[in-house]
Each structure stands twice: as C-alpha cells, then as structure tokens.
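Take a look at the structure below.
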Amino acid sequence: MMSRTVSWLVAMGLAGCGEVGSSADAGDDTQPIPTSSDTTAGSESEEGSEEGPGAEDGPAPVCDEGELSDLYTQYVEPFVSGGVASSCSSCHMTGIDIGIYAQDTPCQTMACMVELGVVDLEQPQQSDLLTQIMMGDPGSSVFDIEHEHMAMLEWIEWSASCHGEVCGEVEHACTSGTGASSTGTNPIGDCSEDDLLVTFWDAVIYDRGRCLNCHSDYGAQVGTFGPCGSKEDCSGPQLCVEGSCRAPGPVLAPHMFEGVDGPLDYEDPDDRALGLATMYNVIALGQVDVEDPLGSTLLTKPLLEDFQPLAIYGDGVELTDIPPGTGQGVIHGGTSKFNFGYHEPPFPTSGVVDCRTDQPCTPDGGCGDGLTCIEGSCRTAGSYCDATYARYVRFVEYFASCTSG
C-alpha cells in the first residue's frame with residue numbers, strides 16, 4: 001500500500017511532462033555522477049447540499065475549517081503553493097501555472113481564483129479552470145487528466161457550499177499572501193530533492209538504456225510492422241494502434257522515462273530536469289512501495305522471474321536475512337532485465353545478490369570467511385551480481401526512509 005504522501009500524487013496525476021525526443025538510443029552513454037556514493041541515505045467531503053450543487057448526490061458537506069484543511073492540504077495546496085518540485089508542479093494541470101493564484105490560506109487562494117474569474121462558485125462545473133484542465137494534452141501526464149479535473153472540482157464544489165460560511169469575506173484576495181512556506185504534503189518526504197535525484201540518477205537514469213524502448217513515449221512510436229485496420233491484420237501478439245501494427249510492450253508499458261534523444265549529463269540543468277521528471281513519474285505510477293520497499297514494482301518487475309533474494313549487498317546497501325517471498329521477481333512483459341547473465345533455463349530461483357566493491361582482492365585470496373574474490377572484490381561465495389539492481393534497491397530503500405515519518 002502506498003503512503004498518503006504518494007497517494008495524493010497518484011490521485012492528482014502528478015508527473016513529469018517534458019517532451020520526448022525522436023532518437024532511439026540513450027543507452028549506457030548517460031554520464032554517472034561520482035558523488036552519488038556520498039549521499040545520505042484526509043478525509044473526503046461528501047458533495048452537495050439542499051441549497052448547493054449536487055444536492056441529489058448525497059448529504060450536505062461538512063462546512064468547517066477542519067474539513068477544508070483536510071481537503072485542501074491533501075489534494076490541492078501542494079500544487080498551488082509551490083510546495084512540490086517545480087519540475088513536477090509545472091506539468092500539473094497540463095501546463096497551467098496554477099501557482100499564480102497561491103496565497104497563504106485555502107480561503108485566500110479560492111477567493112483569488114474567484115476574483116480572477118477562473119472559478120465560478122455559482123456554477124462550479126462551468127469554472128474556466130476546469131475547462132482549461134480538460135483542454136490539456138492527455139499525453140502530457142502519466143495519468144488521465146480527468147483525475148486532475150475531478151480533484152479540483154471536489155474542492156470547488158465544497159467551496160460553492162461552504163466558502164462563505166467558513167471563510168467569510170476575503171479582502172484584496174490576490175494580494176493577501178505573505179509568501180509563507182507551503183504546508184502541503186511533499187511527495188518525496190523529508191529528504192532533499194537533490195539527494196534523492198543523485199541516488200535515482202546513479203541507479204535508474206545511469207542505466208536507462210535497458211528500459212527506454214518500452215518505458216518511454218518514444219517506445220510507442222517504434223517497432224511498427226505495417227498498416228492495419230484491426231488486430232486481425234497483425235501477427236501474433238502485435239496490436240493495431242493508430243493504423244499500424246506494433247509490438248505490445250512499448251504500447252502497454254507505463255511511460256516513465258522523459259527524454260530519449262541522446263545521453264544525459266548530470267551537470268546539464270536541462271538533463272537534470274529530465275531525470276527529475278522521470279523520478280516523479282516513477283513515484284506517481286506507484287513503482288515504489290514505501291511500506292514494502294523490496295516489493296516495489298520497480299525492483300520485482302525487471303528481476304529474474306521467481307528469483308528470491310536471500311540477502312542484498314552493494315555500495316550503500318546491506319540487507320540480510322530477507323524473509324521468504326519478499327522482493328521475489330515477477331513476470332515481465334519483456335525479458336528480465338536483472339537476470340544475472342542467465343538468458344536460457346535453468347534459471348536460478350534464489351540466492352544472495354552481492355555487488356560490494358569496498359574490499360578489493362586478487363584470485364589468490366585475501367577475503368574473510370564465507371567470502372571469495374569475484375570480479376576483483378570480496379563477495380559472498382556463490383552469489384550473483386547485477387550492479388544496477390543493487391543501485392535500484394539503494395534508491396528504493398532511501399526513498400522509503402524519506403517518507404517513513
């Protein structure tokens with residue numbers, strides 16, 4: 001189960017929306033960042049009342065400050081206040097700069113929206129803000145823009161019934177703010193965005209070439225196999241999409257990655273923005289499970305199917321005595337990406353994943369009990385290593401620790 005921190009992110013359809021390039025292969029040319037190893041690791045109101053909108057849909061809303069605070073803090077305030085990363089909020093509302101309406105309180109912010117004419121409390125569903133949301137490009141988010149529309153509509157309809165009673169008269173609504181810090185829920189928890197991006201870059205962005213062909217908008221545009229009018233015109237599992245037969249993986253896979261036009265360099269601000277947008281895509285798609293980090297889809301989906309890690313070691317990772325069934329690989333629509341070099345059966349079904357590099361060695365020995373020299377480092381005898389998998393684990397565990405409070 002995702003935490004409340006991530007659940008509002010999913011509900012609102014928050015994700016990066018940078019343009020996707022037209023070139024295929026970023027591959028392994030993405031530049032690593034050498035500093036990565038130093039990183040430290042509400043209630044929903046019932047709509048409608050006898051006098052307000054939606055009277056036939058249910059009981060009257062609760063018109064008190066507590067209800068407003070719950071609704072606003074969880075679903076609305078992070079996006080209007082700038083309390084989430086700009087790379088994230090700039091894409092919310094399909095590009096609408098909703099932050100221009102932000103004041104210090106929910107009452108002031110709604111009053112400003114009303115004053116500027118983007119919200120109509122007499123006819124909530126006719127509000128211009130909602131119209132703008134629905135005019136957005138559905139491809140600009142990993143979620144249907146209707147999620148955004150529904151969440152904002154809920155607040156507007158509550159305000160139509162309760163704003164006057166709870167907020168009273170707000171004078172000079174659009175100049176009432178003082179620039180106070182956001183009180184909104186942060187989708188990345190208490191850790192800094194920069195530190196999380198360093199860890200994410202070192203894992204997911206650095207080796208993104210394994211995933212791009214399916215998990216990007218670019219992937220859905222390649223691999224066409226001729227024209228079609230229906231699936232019957234295509235071979236095997238191919239799908240008929242927009243008049244062309246296409247491989248199902250790139251079409252059906254969630255598009256997490258932003259920007260596929262060449263390698264990415266962490267030192268380039270534009271490339272960092274693409275990496276950050278991808279990180280938020282991964283979070284918004286629920287690929288990280290903060291309650292069960294090793295069970296995160298980001299780890300189990302690309303892992304060798306049915307493989308059970310017994311322990312995981314890597315730079316900044318030390319997980320021992322992993323319970324049975326935890327972190328076990330599941331079927332992947334494509335081939336397994338963390339397969340430890342096994343491409344044909346029989347595949348290993350369990351084992352220790354050990355990618356440590358902190359104790360160099362030679363084949364002549366020099367390692368402690370239970371360790372042997374593997375690839376120039378002392379590691380668990382008989383263990384497996386995929387360094388990218390170990391780095392993915394490091395990111396997931398770090399992210400979970402950021403949101404645990």
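Quick caveat, the model's predicted, so the values are computed rather than measured. By convention here, the first residue in the shown sequence is residue 1. Just so it is clear, the values below take in all heavy atoms, side chains as well, and ignore hydrogens, waters and symmetry mates.
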Side-chain contact, heavy-atom cut-off 4.5 Å: [X] with [Y]?
{"X": "Cys385", "Y": "Val353", "result": "no"}
{"X": "Val204", "Y": "Thr388", "result": "no"}
{"X": "Val330", "Y": "Lys301", "result": "yes"}

Regarding [X] and [Y], is there a side-chain donor-to-acceptor distance under 3.5 Å anywhere?
{"X": "Asp292", "Y": "Thr326", "value": "no"}
{"X": "Thr380", "Y": "Asp354", "value": "yes"}
{"X": "Glu232", "Y": "Ser230", "value": "yes"}
{"X": "Glu193", "Y": "Tyr280", "value": "yes"}

Report yes or no: does [X] contribute a side-chain atom to a donor-acceptor pair with the main-chain N or O of [Y] at less than 3.5 Å?
{"X": "Ser192", "Y": "Asp195", "value": "yes"}
{"X": "Glu67", "Y": "Asp64", "value": "no"}
{"X": "Trp155", "Y": "Pro106", "value": "no"}

Do Arg356's NZ or CZ and the ring of Tyr313 fall within the cation-pi criteria of under 6.0 Å and 45°?
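Yes - Arg356 lies over the ring of Tyr313, closer than 6.0 Å to its centre and within 45° of its axis.
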Is it the case that Arg272 places NZ or CZ above or below the six-membered ring of Tyr266, under 6.0 angstrom from the centre and within 45 degrees of the axis?
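Arg272 over Tyr266 ring: yes.
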Between [Y] and [X], does the SG-SG distance stay under 2.5 Å?
{"X": "Cys234", "Y": "Cys245", "result": "yes"}
{"X": "Cys228", "Y": "Cys240", "result": "yes"}
{"X": "Cys373", "Y": "Cys378", "result": "no"}
{"X": "Cys167", "Y": "Cys107", "result": "yes"}

Check: [X] ring centroid to [Y] ring centroid under 6.0 Å:
{"X": "Tyr392", "Y": "Phe338", "value": "yes"}
{"X": "Tyr342", "Y": "Phe347", "value": "no"}
{"X": "Phe200", "Y": "Tyr398", "value": "no"}

Over 12 non-hydrogen atoms of neighbours within 6.0 angstrom of CD in Gln359
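Check passes, neighbour count above 12.
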Start with the C-alpha gap between Val317 and Glu397, add the side-chain angles, then the distance that decides, and say whether side-chain contact (heavy atoms from CB on, under 4.5 Å) holds.
CA-CA 9 Å; Val317 176; Glu397 290 287 332; 6.0 Å; no
Checking Asp386 against Arg210 for the salt bridge (charged side-chain N to carboxylate O under 4.0 Å, His left out) test, could you report, in this order, the C-alpha distance in whole Å, the side-chain angles of both residues, the deciding distance, and whether it holds?
CA-CA 13 Å; Asp386 185 312; Arg210 300 188 187 195; 3.0 Å; yes
Let me see the working for Leu294 and Ile312 under side-chain contact (heavy atoms from CB on, under 4.5 Å), right down to the final yes or no.
CA-CA 10 Å; Leu294 287 184; Ile312 304 172; 3.9 Å; yes
Could you pull out all residues at least two apart from Ser244 that satisfy side chain to side chain donor-acceptor pair (under 3.5 Å)?
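Per chain and number, Ser244 pairs via side chain to side chain donor-acceptor pair (under 3.5 Å) with no residue.
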When you look at Met113 and Ile156, which way does the side-chain contact (heavy atoms from CB on, under 4.5 Å) test go after all the steps?
CA-CA 10 Å; Met113 290 179 171; Ile156 295 174; over 6 Å; no
